[in-house]
Amino acid sequence: ASSVEIRKVDKFYGPFQALKQVSVSVPPGKVTCLIGPSGSGKSTLLRCINFLEEYDAGEIRIDGRLIGYESPGGKRMGSGKLRDMRRRIGMVFQQFNLWPHMTALQNVAEGLVQVRGFSKAEAGARAAEALRKVGLADKMTSHPGRLSGGQQQRVAIARAIAMEPKLMLFDEPTSALDPELVGEVLNVMKQLAAEGMTMVVVTHEMGFAAHVGDQVAFMEAGELVAVDTPAAIFHDP
Ligand code: ADP
Ligand code: ADP
């Protein structure tokens with residue numbers, strides 16, 4: 001399981017500062033929940049971790065290795081090196097981003113062939129295993145259009161875990177779901193946490209943050225205003 005070290009990160013969108021001197025340590029094998037009002041910079045910070053978003057100052061290190069730049073404040077990392085660093089980072093978005101013309105199995109297997117270079121047979125076997133893990137053994141040949149939102153999101157999680165990530169990033173993974181489908185996705189995430197996956201989760205699900213989070217980071221207007229145990233963050237004074 002990977003660790004992430006975020007130190008004094010700034011991020012600007014033009015003149016607007018979306019992240020202000022953000023520092024937080026994400027320990028290996030633990031769940032870090034990012035909470036805070038809409039627009040406070042949670043998604044931006046998450047996207048900086050895998051360099052989907054460039055940060056302007058500070059350092060983000062994954063297992064001690066700087067991501068995105070050759071050195072702090074230096075030139076951008078080459079695309080090959082960046083791809084190499086991203087290989088073991090899984091990401092799950094609010095929107096499931098599945099290919100509608102492919103079955104659940106094909107959706108999961110595709111990356112294993114394209115990115116990891118497995119044979120079709122090996123990719124299929126690994127994809128099936130990942131889908132079993134998220135409770136979708138009986139939906140392998142279904143297309144996304146025939147699946148519920150919760151099932152589609154579980155396919156998206158299976159697609160990520162099939163790549164054997166050492167770090168999983170979740171950006172409001174249950175926000176697009178009908179309330180009755182939220183639990184099945186949270187339970188899969190809880191199972192991953194129990195297996196010792198390092199996870200950073202942007203979420204509005206305070207029950208999940210309180211009960212599954214090892215630490216909770218609270219953001220406000222681009223600043224990380226508190227990082228502590230759920231008990232300390234949610235404690236009513
Ligand atoms: P959160 O995830 O907490 O809702 P975001 O990280 O999405 O917040 O956004 C933080 C702030 O940065 C918001 O004010 C948002 O409008 C702004 N922002 C996000 N993405 C962009 C962008 N691509 N261009 C300009 N401003 C952006
Ligand atoms: P709901 O709002 O549906 O009651 P919560 O937001 O309280 O759910 O909880 C969300 C998720 O957090 C649950 O699906 C479960 O995985 C986990 N969770 C909630 N309460 C507990 C608890 N007491 N112990 C362990 N996990 C819990």
Side-chain angles (χ1 to χ4, degrees), residues 2 4-26 30-62 66-69 76-77 79 82 85-86 89-97 149 152-153 156-157 160 165 167-179 181-182 185-186 189 192-193 197-230 232-234:
S2 287
V4 185
E5 197 65 43
I6 298 167
R7 255 190 92 235
K8 297 189 174 176
V9 165
D10 287 334
K11 166 69 187 173
F12 290 86
Y13 291 112
F16 175 76
Q17 189 166 7
L19 296 177
K20 301 172 185 169
Q21 295 284 295
V22 172
S23 298
V24 57
S25 295
V26 173
K30 305 283 185 193
V31 177
T32 299
C33 290
L34 270 180
I35 65 170
S38 180
S40 57
K42 306 181 296 295
S43 178
T44 299
L45 180 60
L46 192 76
R47 293 162 60 85
C48 283
I49 294 174
N50 57 1
F51 212 65
L52 282 180
E53 224 37 282
E54 288 182 37
Y55 49 100
D56 298 302
E59 298 177 19
I60 300 181
R61 291 179 186 277
I62 299 171
L66 192 70
I67 186 156
Y69 301 100
R76 273 191 64 155
M77 191 172 257
S79 58
L82 184 60
M85 283 199 75
R86 281 183 178 147
I89 306 175
M91 179 128 183
V92 175
F93 300 90
Q94 180 173 340
Q95 298 303 333
F96 326 122
N97 304 320
Q152 289 184 61
Q153 190 59 302
I157 294 172
L167 168 67
M168 287 279 292
L169 308 175
F170 293 86
D171 195 352
E172 303 201 14
T174 59
S175 295
L177 301 177
D178 292 333
L181 303 178
V182 168
V185 171
L186 292 180
M189 293 166 62
L192 268 180
M197 179 71 75
T198 308
M199 296 167 52
V200 183
V201 184
V202 173
T203 188
H204 293 114
E205 296 291 331
M206 294 306 148
F208 182 86
H211 296 289
V212 183
D214 293 292
Q215 65 176 359
V216 177
F218 183 71
M219 292 198 67
E220 215 168 56
E223 290 186 89
L224 219 164
V225 292
V227 188
D228 214 327
T229 61
I233 295 280
F234 294 116

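Computed from a prediction, not measured in an experiment: that's the story for all the values here. We count ligands from 1, going down the list as the structure has it; atoms in each ligand are counted the same way.
- Heavy atoms of Ser38 come nearer than 4.0 angstrom to ligand 1 in at least one pair.
- The CD atom of Glu205 sits 10.5 Å away from atom SG of Cys33, with the distance rounded to the nearest 0.5 Å.
- Atom 5 (P) of ligand 1 has Thr44 OG1, 3.7 Å as its closest protein atom, hydrogens excluded (heavy atom only).
- The option from Ala221, Gly39, Gly222 that lies nearest to atom 13 (C) of ligand 1, judged by heavy atoms, is Gly39.
- With ligand atoms numbered from 1 in the order given, ligand 1 contributes 1 (P), 3 (O), 8 (O) to contacts under 4.0 Å with heavy atoms of Ser40.
- The main-chain N or O of Val201 is never found under 3.5 Å from a side-chain atom of Lys42 such that the two would form a donor-acceptor pair.
- Ring pair Phe51/Tyr55 is perpendicular by interplanar angle, where above 60° counts as perpendicular and below 30° as parallel.
- Nearest heavy-atom pair across Met77 and Ile67 is CE-CA, 4.3 Å.
- Heavy-atom contacts of Lys42 reach the following atoms of ligand 1: 1 (P), 2 (O), 3 (O), 4 (O), 6 (O), 8 (O) (cutoff under 4.0 Å).
- With rounding to the nearest 0.5 angstrom, the CG atom of Leu177 is 9.0 Å from the CD atom of Gln94.
- For ligand 1 and Ala18, the ligand atoms under 4.0 Å from any heavy atom of the residue are 12 (O).
- Counting the atoms of ligand 1 from 1 in the order shown, those under 4.0 Å from a heavy atom of Phe16 are 11 (C), 12 (O), 14 (O), 17 (C).
- Near Pro37, with a cut-off below 4.0 Å to any heavy atom, the atoms of ligand 1 are 3 (O).
- Side-chain atoms of Glu220 and Ser40 form no donor-acceptor pair, as typed in the model, at a separation below 3.5 Å.
- Judged by distance alone, the side chain of Thr198 and the main-chain N or O of Ser2 form a donor-acceptor pair under 3.5 Å.
- At the shortest separation from atom 8 (O) of ligand 1 among protein heavy atoms lies Gly41 N, 3.2 Å.
- For atom 15 (C) of ligand 1, the protein comes within 4.0 Å by no heavy atom at all.
- In terms of protein heavy-atom proximity, atom 23 (N) of ligand 1 is nearest to Tyr13 CE2, 3.5 Å.
- By the criterion of a heavy-atom distance under 4.0 Å, both the backbone and the side chain of Ser43 are placed next to ligand 1.
- Ion pairing between a basic and an acidic side chain is recognised when a charged N comes within 4.0 Å of a carboxylate O; Glu5 and Arg61 show no such pairing.
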